[in-house]
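See below for the structure under consideration.
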Amino acid sequence: MGKDLIIARAGIFSLALGSVFVGLAKNSEQFIAALVFYETESCYGPAIISIIAAMAGVDSIQKERTGSLYIAVVFMRNIGAIVAGPIVSSLLRVGMSRGGDWVGLPFFVEGGIQVITIGIVFSISESRYRTLQKQQDDENEGTAESS
């Protein structure tokens, strides 16, 4: 989980910064440079799914539930995309009507939301995961010994 956690943290941090940079871009050169930085977040999705799987125990203990976990994650991402579409559209409409720097309003709002996500991702503790994993291993050994 260590490498995945580092990748997830770097990915969500680059997404937040990239969102702000895209929102601040004044010309196409700045926009392209910001977009390159923004797209480095593509590593975030697989890394966070791996962390969720590890913390849920489906990677080692409950292998039969791996598919259900991945379906739940994809379902939630799709619901988020459905809800976000009209909101982003409205923010862009407001930004376009005001003009100037306001055109980047959807990206500024996204960056603000990502700050909350950064807090969540950085609060994940690998030591807590190891403690939970050790407890689950001890429970499994106790169950195997009693059988």
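When a residue number appears, it is its place in the shown sequence, counting from 1. Worth knowing before you read on, the calculation uses all heavy atoms, side chains too, and leaves out hydrogens, waters and symmetry mates. Model, not experiment: these values are computed from the prediction.
When side chains are defined from C-beta on, F13 counts as touching I118, because their heavy atoms get closer than 4.5 Å. Between L15 and I12, the closest side-chain pair of non-hydrogen atoms falls below 4.5 Å. Inter-residue side-chain proximity for L35 and F21 is flagged as unmet; no heavy-atom pair is nearer than 4.5 Å.
Closest of all the heavy-atom pairs between C43 and G11 is SG-CA, 4.0 Å. Here the shortest heavy-atom pairing between M96 and V103 reads SD-CG1, 3.9 Å. Annotation for A47 and D4: closest pair CB-O, 3.5 Å, computed over non-hydrogen atoms. Minimum interatomic distance between I49 and R77 (heavy atoms only, all atoms of both residues): CD1-NH1, 4.4 Å.
Following chains of ILVMFWY side-chain contacts shorter than 4.5 Å, one can reach I87 starting from V109, so the two form part of one hydrophobic cluster. Residues I113 and M76 fall within the same hydrophobic cluster, defined by Ile, Leu, Val, Met, Phe, Trp and Tyr side chains chained together at heavy-atom separations under 4.5 Å. Both L5 and F122 are part of a single hydrophobic cluster, where members link through side-chain heavy atoms under 4.5 Å apart. No path of Ile, Leu, Val, Met, Phe, Trp and Tyr side chains, each step under 4.5 Å between heavy atoms, connects F108 with W102, placing them in separate hydrophobic clusters. The same ILVMFWY cluster, assembled from side-chain heavy atoms under 4.5 Å apart, contains both Y70 and I52.
Relative ring orientation between Y38 and F107 is described as perpendicular, the plane-to-plane angle rising above 60° on a 0-90° scale split at 30° and 60°.
Looking at V94, V88, L92 one by one, the single match for side chain to side chain contact (heavy atoms under 4.5 Å, CB included) with L105 turns out to be V94.
No donor-acceptor pair under 3.5 Å is formed between the side chain of S50 and the backbone N or O of P46.
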